[in-house]
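Since the structure comes first, as structure tokens, the remarks are kept for the end.
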Amino acid sequence: MFETFDALLLARIQFAFTVSFHFIFPAFSIGLASYLAVLEGLWLKTGKAIYLDLFRYWIKIFAVAFAMGVVSGIVMSYQFGTNWSVFSDKAGPVIGPLMAYEVLTAFFLEAGFLGVMLFGMSRVGKKLHFAATCMVALGTFVSAFWILSVNSWMQTPVGFEMGANGQFLPGPSWWDIVFNPSFPYRLVHTVIAAYLTTAFVVGGVGAWHLLKDASNGHARKMFSMAMWMAALVAPIQIFAGDMHGLNTLEHQPQKVMAMEGHYQSHPDGAPLILFGIPDSAEKRVKYAIEIPKASSLILKHDLNAPLAGLDTIPDDEEPPVGIIFWSFRIMVGIGFAMLGIGAWSLLARMRRKLYDWHWLHRAALVMAPSGFVAVIAGWITTEVGRQPYVIYNLLRTSDAASPLDAPAVGASLAAFVVVYFAVFSVGTWYILKLMSGPPHTGEAGVKRTEKGPIRTAGITPGPTQNPGGSQPVPGNEGEV
Amino acid sequence: MALKSSGDPSGEPAGDDAPLLHRLAWMAAIWLGSVTALGIIAYVIRAWLNP
């Protein structure tokens with residue numbers, strides 16, 4: 001079935017498919033873990049039950065998203081061995097330990113304390129439970145730290161020595177490898193992106209329930225918290241993205257050339273091409289709408305600064321311009337839309353209309369999945385922009401793949417597509433189902449228990465439920 | 001295993017009334033169970049990909 005396909009292309013499609021699918025979940029769980037820690041901390045500090053209700057509302061969603069993130073992540077790391085064994089062999093001495101730290105973090109901080117977080121409140125008490133929640137939040141961050149360090153090293157490899165057998169070996173200092181030149185920028189940009197992604201999901205869910213019932217205090221609280229994040233963090237993210245771009249220009253100039261659509265060099269100031277259709281055959285951007293000299297101003301802070309174009313790069317080292325050009329614009333466009341929502345919410349807040357402006361709620365609802373689109377677009381920009389190399393300027397992607405025939409890679413790709421869509425569709429559907437229920441007083445946690453004797457068999461009536469009520473529900477407090 | 005439900009009527013979960021050592025033991029047990037569960041899942045996926 002796959003005999004006529006190129007094995008390398010199939011392996012690249014498989015990695016792109018699985019990593020894109022995977023990153024949706026950590027992009028959400030990194031931010032949501034911190035949000036849960038904030039909610040539980042506020043509950044312990046203020047004693048207000050609304051924070052515990054919101055904690056219980058979101059922890060169920062977190063549990064499902066986290067599980068899907070971990071499972072899809074395990075597949076990712078195994079894929080290095082199945083489809084990219086040459087890369088693993090050559091780069092293993094450098095990236096292996098870093099990835100091992102990530103796995104240890106995922107196992108012992110995230111997954112370990114997740115059990116306490118989900119099922120342990122009535123066993124360990126409030127303060128130890130809060131400590132477990134903080135460990136999970138810390139674990140998601142540390143996990144991201146190591147993975148982004150590995151990825152950044154592949155983008156800006158330093159601190160290594162070449163072995164006689166062609167392997168990348170660690171040099172005298174691991175710190176040079178871990179804190180490689182692009183890592184701090186990528187870490188900040190990615191983690192903030194995860195926080196914004198979560199904020200817009202929380203904001204979208206809050207907006208959805210405000211549109212149905214503007215008096216819902218729990219929906220108001222989550223919407224307000226999310227809009228504070230949008231207003232305060234979106235500008236920081238745009239600044240962080242700009243700094244990341246300048247770092248990329250220094251270390252991976254052809255990626256920026258592709259992002260900007262600069263096929264030609266501009267010795268007297270380069271234009272900022274807002275939109276157009278890149279044509280790599282003709283080496284130009286058709287129907288370009290551009291602002292003269294603005295690209296030089298952004299990238300060099302000088303209107304007349306010269307900027308080199310892709311004409312200075314050999315054709316076989318050019319990344320695919322069209323994909324990068326558009327994915328970059330999608331990411332930036334969403335970033336500015338987030339900034340707009342944040343500013344709009346500030347205006348509404350100043351006029352005491354945050355919970356009354358339905359068009360703001362509708363816009364926030366539409367923007368709910370925008371963070372996911374932005375992070376995927378951002379990763380496409382940076383990963384495709386590194387091509388044709390897997391380790392920048394040192395190891396070509398075509399030289400990194402396992403010596404497999406196309407049918408072998410194609411069969412596993414087909415299996416991944418079928419399994420991922422089946423499993424993750426169900427998971428995503430369940431998350432949306434959980435989100436569709438309004439947050440309310442006496443929110444049920446992950447597990448419910450009843451007061452009274454323990455029933456061990458037979459058909460038993462369920463515990464009392466109070467889905468939309470405003471009063472606490474006795475007997476509804478067993479577990480978080 | 002019996003699961004105690006010891007919250008108060010305000011909806012707040014309890015558990016703080018148990019001795020600290022007892023609660024720490026529970027924390028360690030749940031933590032270990034969670035890590036073991038993930039280990040089993042990881043091993044199953046590994047066996048599936050590389051039988």
Side-chain angles (χ1 to χ4, degrees), chain A residues 43 47 49 52-53 56 67 70-71 74-75 77-79 81-82 103 106-108 110-129 131-132 135 412 415 419 441-443 445 447-454 456 463 471-480, chain B:
Chain A
W43 170 57
L52 177 62
D53 290 331
R56 285 168 157 175
V70 169
V71 171
I74 291 170
V75 171
S77 50
Y78 290 155
Q79 206 174 136
T82 54
V103 172
F107 265 67
F108 297 121
E110 294 182 72
F113 284 104
L114 179 70
V116 182
M117 194 176 165
L118 294 177
F119 306 112
M121 177 74 92
S122 67
R123 293 295 176 192
V124 304
K126 296 172 190 171
K127 288 180 181 171
L128 281 179
H129 186 270
M135 285 296 108
S412 57
V419 172
T441 303
E443 188 73 45
K447 193 168 188 175
R448 300 156 66 99
T449 57
E450 300 169 68
K451 288 197 168 193
I454 297 161
T456 54
Q471 297 302 313
V473 185
N476 192 22
E477 62 279 358
E479 298 280 346
V480 169
Chain B
M1 179 184 292
L3 285 177
K4 187 174 116 185
S5 176
S6 56
D8 62 43
S10 70
E12 289 192 4
D16 295 281
D17 45 348
L20 179 62
L21 268 180
H22 189 81
R23 288 185 280 130
L24 281 172
W26 265 111
M27 191 160 182
I30 299 171
W31 180 87
L32 193 62
S34 304
V35 170
T36 306
L38 182 58
I40 292 169
I41 292 169
Y43 186 80
V44 167
I45 294 175
R46 181 181 182 275
W48 175 52
L49 288 177
N50 186 22

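Every chain is numbered from 1 and lettered A, B, ... according to where its sequence line falls, protein lines coming before strand lines.
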Report task. Indicate the atoms forming the closest heavy-atom contact of A:Phe108 with B:Val35, along with that distance. Result -> CE2-CG1, 3.5 Å
**Report entry** Residues in side-chain hydrogen bond (donor to acceptor under 3.5 Å, both in side chains) contact with A:Thr82, at least two apart in sequence or another chain
**Finding:** none
Query - Taking every non-hydrogen atom, the tightest pair across A:Arg123 and B:Arg23 - result: O-CG, 3.3 Å
Requested in this report: State, to 0.1 Å, how close B:Met27 and A:Leu128 come at their nearest heavy-atom pair, and which atoms those are.
Outcome: CE-O, 3.6 Å
**Report entry** Portion of B:Leu24 that has a non-hydrogen atom of chain A nearer than 4.5 angstrom
**Finding:** both
Report task. Just jot down the ring pair (Phe, Tyr, Trp, His ring centres under 6.0 Å) partners of B:Tyr43, sequence neighbours excluded, or say none. Result -> none
Query - Heavy-atom proximity to chain B below 4.5 Å, by part of A:Ala132 - result: both
Report summary line: Ranked by heavy-atom pairs below 4.5 Å to chain A, first place among B:Leu20, B:Ile41, B:Leu32, B:Leu38 goes to B:Leu38
Query raised in the report: If you look at every heavy atom in B:Ser34 and A:Ala111, which pair is closest and at what distance?
Result: CB-O, 3.2 Å
